[in-house]
There are 2 protein chains.
Amino acid sequence: MENKNGNITSNIKSVAKLAGVSISTVSRVINNPDSVSEKLRSKVKHAIEYLGYHPNQIARSLRTGSTKLIGFIIPDITNPAFLLMIKGAEDFLKRRGYTFIVCGTDHNTREETKLLRTLLSQNVEGMIVTCSGGQNSDFSKTVESTNIKMVFMDRRYENSKVPYVGVDNAGGVKKITDHLIETGHKSIIYLSGERNTSSARERLRGFIDSVRNRGIDFQVFYGRFTFESGYDLTKRLKKIPDAIVGGNDLVALGAIEALSQMGYCVPHDVSVVGFDDMFYSKYSRPPLTTVRQPIYEMGYMAGKILWQLLNGKHVKKHDVILQTEVILRETVKSRI
Amino acid sequence: MENKNGNITSNIKSVAKLAGVSISTVSRVINNPDSVSEKLRSKVKHAIEYLGYHPNQIARSLRTGSTKLIGFIIPDITNPAFLLMIKGAEDFLKRRGYTFIVCGTDHNTREETKLLRTLLSQNVEGMIVTCSGGQNSDFSKTVESTNIKMVFMDRRYENSKVPYVGVDNAGGVKKITDHLIETGHKSIIYLSGERNTSSARERLRGFIDSVRNRGIDFQVFYGRFTFESGYDLTKRLKKIPDAIVGGNDLVALGAIEALSQMGYCVPHDVSVVGFDDMFYSKYSRPPLTTVRQPIYEMGYMAGKILWQLLNGKHVKKHDVILQTEVILRETVKSRI
DNA sequence: TTGTATGCGTTATCAT
DNA sequence: ATGATAACGCATACAA
């Protein structure tokens, strides 16, 4: 039997014919083997083996109404952090029989809405989404109109009834800034990236929370979440502070590079800290003091919550906020 | 109408009923609007709008035999290089209406075979695969028995009729090793990773090609393709050579770190080069001299070839080998 | 131009 | 324990 692509495709009918049984028996051998006699079961199994048959998932889905498909929408499929989250979610869900469609928006909210529609018409049973912007009303409207099971991961849209799993961005930045203050840093600069996502706003808030009303001389500059941005922002500094807090590790690393080119030594002259603890940060020179997020765990948790949603279980906490950990390495020097 | 998940699902029937036409007319409005009178067309369109109807892709696929689904199998969904390849392929294919399922094997060939089966039963129309090991006979057998359209990307299994897109690994390592020899390096050590994949073997071959019969004192050590492996291997070196060639950038960076801890200065005392030009290598201290592969282009090309396969076009070159480029930065010093 | 009826490959219901 | 058959939602050949 040949389909449109010229592929040789065996189906339940051909298996039944070869085994000399009805198609219902074949179906039973696959879905409920115990209900078939040993004799027929073995016949059917051999036929399946011989023909290299495997059930057509499409037909199965149409009939059962269950695709066992989960969709992911993330801002950038090239960013290892997002993929580690996805791995976490997959590790939880794949042993429960799900398959995954992963889509990247390139940080474009219009594309995000489009992908939502695509996944919907692929009949995914659930979705895990890391939002691409600060808001996307088309997206939110579509979600509300469909009752699709969804979980937001790491970044969310506000005013939404979608459960959320994230990390305590504000708390993390606050912790590491507190550490800076406790070790005698009097003037501190925060280098933010784009401020449109929920996580970026939270990090900035953590910095402000830590620094205000404590007699600290502080300033905030906005750029992007890249090495180059950290570099440029730092090069333009009129006055070098006691410490610089990067909105993420890349920004911090860029700042260190600029500082070194400007003749300052880290941490001797300036302390620098980041946020993320990305793969490379422990190998930088000097190794970067930063905040570690439980990335993988975040994904795992998102997978778990989606699974609860899918199975009609009561989701206890609507929002789950995971805690961060300060990783002390060698870019901070006490100035007491 | 409500499906098993409790979702409100409108179907072609409900649209037809509301519009007061037959289901074939609705189908025509969607697939071939010009064949329907203006009057009915507008009625149907309003009904579609009102109900928020979109066609069930599952049913459509079952009927037409076309899923517009492409599957990817890669060794590790957490590795940015693989994902950049995928992005290349997607950029070519998505404007042609395809959707993508991405699966990672965790470098496990058994899992690889399982994923192949999964994708097959999801009725993907084509697949792009980066092989997880040196061989996988179950995988190869299954592929041959199905006529699935497939392209190997970056890593391949031998003896296969599957088209392949890769880079000239051997040529790349040869080029950079030649450069080392031409700049007066007399003793050179190659630090390989696992030697089971096709690309790892090719890189080693490039090194040997460059070094032999030229009076060079050379040695090869095997470890893994990680920072730690480069570090450990280097720490165990009895005698420090003029230059070290890392099987990839991570290994080279690990070697540099070990060297620096052992009191050697790069490139003053030893030259070190890598392979990949991964994202971070230009920011390392000192910036790493390495070989750049056209990662994205490789994926784009793989997508293009798969598309040709899918459309029955004649694929001119069965194998496509892309060229590499040596990136000179600051970890090599001339010793002439 | 429009409608009726068939079948895609399954699973599930109902007989036997 | 096994088989015949309806139904899932859609596209399409054929009839009108």
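Order of the sequence lines sets the chain letters (A, B, ...), proteins ahead of strands, with each chain counted from 1. Note that the structure is predicted; figures quoted are calculated from it, not measured.
- Here Val21(A) lies in heavy-atom contact (under 4.0 Å) with sugar-phosphate atoms only.
- Side-chain contact check for Ser66(B) and Glu125(B): at least one donor-acceptor pair (N or O, by modelled atom type) lies under 3.5 Å.
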What pairs of donor and acceptor atoms, side-chain ones from residues 69-87 of chain A against any protein atom, are under 3.5 angstrom apart with sequence neighbours left out?
{"from": "Asp76(A)", "atom 1": "OD1", "to": "Thr78(A)", "atom 2": "N", "distance (Å)": "2.8"}
{"from": "Asn79(A)", "atom 1": "OD1", "to": "Ala81(A)", "atom 2": "N", "distance (Å)": "2.8"}
{"from": "Lys87(A)", "atom 1": "NZ", "to": "Asp106(B)", "atom 2": "OD1", "distance (Å)": "3.1"}
{"from": "Lys87(A)", "atom 1": "NZ", "to": "Asp106(B)", "atom 2": "OD2", "distance (Å)": "3.2"}

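- For the pair Ala59(B) and Glu38(B), nearest-nucleotide mapping onto DNA chain C gives the more 5' position to Glu38(B).
- Under a cut-off of 6.0 angstrom, the local environment of NZ in Lys17(A) is sparse, with at most 12 non-hydrogen atoms contributed by other residues, nucleotides or ligands.
- Comparing dT2(D), dC10(D), dG9(D) by their nearest atom to the side chain of Arg60(B) picks out dC10(D).
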Filtered N/O pairs between nucleotides 4-7 of chain D and protein, under 3.5 Å:
{"from": "dA4(D)", "atom 1": "N7", "to": "Ser24(A)", "atom 2": "OG", "distance (Å)": "3.2"}
{"from": "dA4(D)", "atom 1": "N6", "to": "Ser24(A)", "atom 2": "OG", "distance (Å)": "3.0"}
{"from": "dA7(D)", "atom 1": "N3", "to": "Arg63(A)", "atom 2": "NH1", "distance (Å)": "3.1"}

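- One finds no side-chain N or O of Thr25(B) lying less than 4.0 angstrom from the OP1 or OP2 phosphate oxygen of dT2(C).
- Donor-acceptor pairing under 3.5 Å is lacking for the side chains of Ser198(A) and Glu158(A).
- Pairs engaging residues 41-61 of chain B under the salt bridge (charged side-chain N to carboxylate O under 4.0 Å, His left out) rule: Glu38(B)-Arg41(B) [sequence neighbours left out].
- Remark on the helix from dT1(C)-dA16(D) to dT16(C)-dA1(D): inter-end axis angle 40°, axes from five-pair C1' superpositions, rounded to 10°.
- dG9(C) atom C1' lies 8 Å from atom OH of Tyr53(A), rounded to whole Å.
- If you check every strand for non-hydrogen atoms under 4.0 Å, Ser27(B) touches a base.
- In this structure, Asn31(A) reaches the dT11(C) phosphate: one of its side-chain N or O atoms is under 4.0 Å from OP1 or OP2.
- Side chain to side chain, Asp91(B) and Tyr296(B) meet the donor-acceptor criterion of an N or O pair below 3.5 Å.
- The phosphate of dA1(D) has neither OP1 nor OP2 within less than 4.0 Å of any side-chain N or O from Ser35(A).
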May I have the list of side-chain donor-acceptor pairs in residues 129-136 of chain A shorter than 3.5 Å, sequence neighbours left out?
{"from": "Thr130(A)", "atom 1": "OG1", "to": "Met153(A)", "atom 2": "O", "distance (Å)": "2.9"}
{"from": "Ser132(A)", "atom 1": "OG", "to": "Thr105(A)", "atom 2": "OG1", "distance (Å)": "2.6"}
{"from": "Asn136(A)", "atom 1": "OD1", "to": "Thr113(A)", "atom 2": "OG1", "distance (Å)": "3.3"}
{"from": "Asn136(A)", "atom 1": "OD1", "to": "Phe139(A)", "atom 2": "N", "distance (Å)": "3.1"}
{"from": "Asn136(A)", "atom 1": "ND2", "to": "Thr109(A)", "atom 2": "O", "distance (Å)": "2.9"}
{"from": "Asn136(A)", "atom 1": "ND2", "to": "Glu112(A)", "atom 2": "OE1", "distance (Å)": "3.0"}
{"from": "Asn136(A)", "atom 1": "ND2", "to": "Thr113(A)", "atom 2": "OG1", "distance (Å)": "3.2"}

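- For the pair Asn32(B) CG and dA11(D) C1', the computed distance is 12 Å after rounding to whole Å.
- Distance OG1/Thr146(B) to NZ/Lys141(B): 14.0 Å, rounded to 0.5 Å.
- The nearest whole Å value for the distance from the CD1 atom in Ile30(A) to the C1' atom in dT10(C) is 9 Å.
- Counting to the nearest Å, the P atom of dG9(D) and the NZ atom of Lys13(B) are 8 Å from each other.
- Whole-Å rounding puts the Asn123(B) CG to dG9(C) C1' distance at 10 Å.
- Using modelled atom types, no side-chain atom of Asn32(B) and backbone atom of Arg28(B) make a donor-acceptor pair closer than 3.5 Å.
- In this structure, NZ of Lys17(B) is placed 16 Å from C1' of dG9(D), rounded to the nearest angstrom.
- As a whole-Å value, the separation of Leu51(A) CG from dG9(C) P is 14 Å.
- Note on Ile58(B): nothing from the nucleic acid sits closer than 4.0 angstrom, heavy atoms only.
- Dashed line: the shortest gap from a side-chain N or O of Ser37(A) to OP1 or OP2 of dT2(D) is under 4.0 Å.
- Contact between the side-chain N/O atoms of Asn11(B) and the OP1/OP2 oxygens of dG9(D) is found at a separation under 4.0 Å.
- Going from atom CG of Leu40(A) over to atom P of dG3(D) covers 6 Å, rounded to whole Å.
- Tyr300(B) pairs by the ring-ring contact (aromatic ring centres under 6.0 Å, His included) definition with Phe92(B), not counting sequence neighbours.
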